[in-house]
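A short worksheet on the structure shown next.
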Protein chains: 2
Amino acid sequence: MKKEQYLIDGIDKIILNRLINDARTPILSIAREVGISGAAIHQRLRKLEASGILAGSKFVLNPKVLGYKTLAFVGIFLESSSKYKDAVNRLKEIEEVVESHYTTGNYAIFVKISCKDNEHLMQVLNHRIQNIKGVSRTETFISLEQQIDRQIKI
Amino acid sequence: MKKEQYLIDGIDKIILNRLINDARTPILSIAREVGISGAAIHQRLRKLEASGILAGSKFVLNPKVLGYKTLAFVGIFLESSSKYKDAVNRLKEIEEVVESHYTTGNYAIFVKISCKDNEHLMQVLNHRIQNIKGVSRTETFISLEQQIDRQIKI
DNA sequence: CCTGAAATTGCTACGGT
DNA sequence: ACCGTAGCAATTTCAGG
């Protein structure tokens with residue numbers, strides 16, 4: 001007995017596709033586009049949220065305008081994988097770490113870091129990440145240009 | 001003559017911090033919290049948007065509930081860096097590619113890919129990415145668990 | 001799954017300090 | 001430069017088919 005996956009129809013897709021790129025899109029403009037009432041849109045949104053498909057909405061900040069001009073990926077090697085849990089808890093305390101993944105392949109942990117400049121990145125690497133117990137070494141890739149940033153198509 | 005960076009005050013921070021985690025937070029609830037009118041909040045939001053700090057708002061989908069359970073990072077080696085522009089344009093056509101970066105270090109291009117399962121990931125790697133002219137080889141890291149996902153603190 | 005009505009909130013123009 | 005009031009449009013909830 002497989003758990004039923006919520007089925008979204010064409011109207012749900014239109015709603016989500018409009019709101020994915022602008023969470024403040026007027027509901028009524030979507031309502032007019034698909035030909036149902038605004039209240040019906042709200043009901044569908046509540047269902048999508050209850051199903052977990054809709055995880056929330058966010059305002060997106062531009063890090064560069066705030067002075068955060070260096071984006072980097074850092075692969076972290078651990079002395080042993082048993083140190084993972086502690087290490088990730090320490091990473092959470094570092095504000096510059098915006099993503100953290102436990103990965104297959106060379107690294108144990110793979111993080112995305114947002115810093116003001118390369119000097120700031122060096123400080124975070126040498127004084128914060130390398131100080132975490134269990135971290136043996138790191139490999140850094142600086143993003144010089146990001147050309148794609150989107151969500152999966154529905 | 002350095003370009004002046006827009007200065008955000010405490011009220012701006014409260015506004016942004018509330019909207020970062022929920023773009024549909026009622027403006028009036030923020031207004032009551034900080035003790036100014038809703039109109040004043042709107043004026044500040046317009047300024048923040050004009051300054052570029054506020055890049056927009058998005059609905060966040062949960063890929064797993066939609067059946068996208070495999071998240072992976074792929075480092076792409078190019079035969080020569082002159083192929084970058086063409087390669088990234090081909091990557092844009094692959095829906096599963098949700099991020100693409102031009103990076104320093106081992107790889108030329110570094111992408112984040114969202115797939116339904118490992119088989120789907122293999123298809124994307126072998127039949128889509130490896131088919132791009134100029135791509136010599138790839139290295140893949142599958143994210144087994146993502147513990148951190150946030151924006152820079154303001 | 002939908003509509004329509006009622007209350008609340010969003011948004012903008014204009015004026016005040 | 002920053003804020004408030006006012007007015008209309010949109011959002012959101014609720015009752016009901």
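Here is the naming used below: chain letters follow the sequence lines, and residue numbers restart at 1 for every chain. All heavy atoms count here, side chains included; hydrogens, waters and symmetry mates do not.
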E93(A) with R90(A): basic N within carboxylate O range, under 4.0 Å = yes

For residues 71-86 of chain B, please give each side-chain donor-acceptor pair under 3.5 Å, one per line with the distance, not counting sequence neighbours.
from, atom 1, to, atom 2, distance (Å)
S80(B), OG, S82(B), N, 3.2
S80(B), OG, S82(B), OG, 2.6
Y84(B), OH, E145(A), OE1, 2.7

Any side-chain heavy-atom pair from L45(A) and I27(A) closer than 4.5 angstrom?
-> yes

Between CD1 of I11(A) and C1' of dT3(C) the distance, given in whole Å, is 14 Å

Indicate for each nucleotide in nucleotides 6-16 of chain D, in 5' to 3' sequence, whether protein heavy atoms under 4.0 Å reach the base (B), only the sugar-phosphate (S), or nothing (-).
-> ----SBBBB--

Base, sugar-phosphate alone, or nothing: which one does A40(A) contact when heavy atoms must sit under 4.0 Å apart?
-> base

So F141(A) and Y107(A), would you call those rings parallel, tilted or perpendicular, with 30° and 60° as cut-offs?
-> perpendicular

Integer-rounded Å distance: dA1(D) P and D12(B) CG | 14 Å

So, the side chain of R150(B) versus the backbone of K92(A): is there a donor-acceptor pair under 3.5 Å, distance only?
-> yes

Electrostatic pair E96(B)-K116(B), nearest N-O below 4.0 angstrom = no

For atom CD of E49(B) and atom C1' of dC11(C), their distance in whole Å | 13 Å

note: I41(B), atom CD1; dC11(C), atom C1'; distance rounded to Å ~ 13 Å

Any side-chain heavy atom of D149(B) sitting closer than 4.5 Å to one from V98(A)?
-> no

Under 4.0 Å between a side-chain N or O of R44(A) and OP1 or OP2 of dC2(C)?
-> yes

Atom-pair distance (CG on L7(B); C1' on dC2(D)), nearest Å = 15 Å

Could you tell me the separation between the CD1 atom of I15(B) and the C1' atom of dC11(C), rounded to a whole number of Å?
-> 15 Å

NZ/NE/NH1/NH2 to OD/OE distance under 4.0 Å, K112(B) and E99(A) | yes

Under 3.5 Å donor-acceptor, S57(A) side chain and F59(B) backbone = no

Axial bend angle, the helix from dC1(C)-dG17(D) to dT17(C)-dA1(D): five-pair end segments, nearest 10° = 30°

So does K47(B) get a side-chain nitrogen or oxygen closer than 4.0 Å to the phosphate oxygens (OP1/OP2) of dA1(D)?
-> no

Tell me: CD1 of I36(B) to P of dA1(D), nearest whole Å?
-> 17 Å

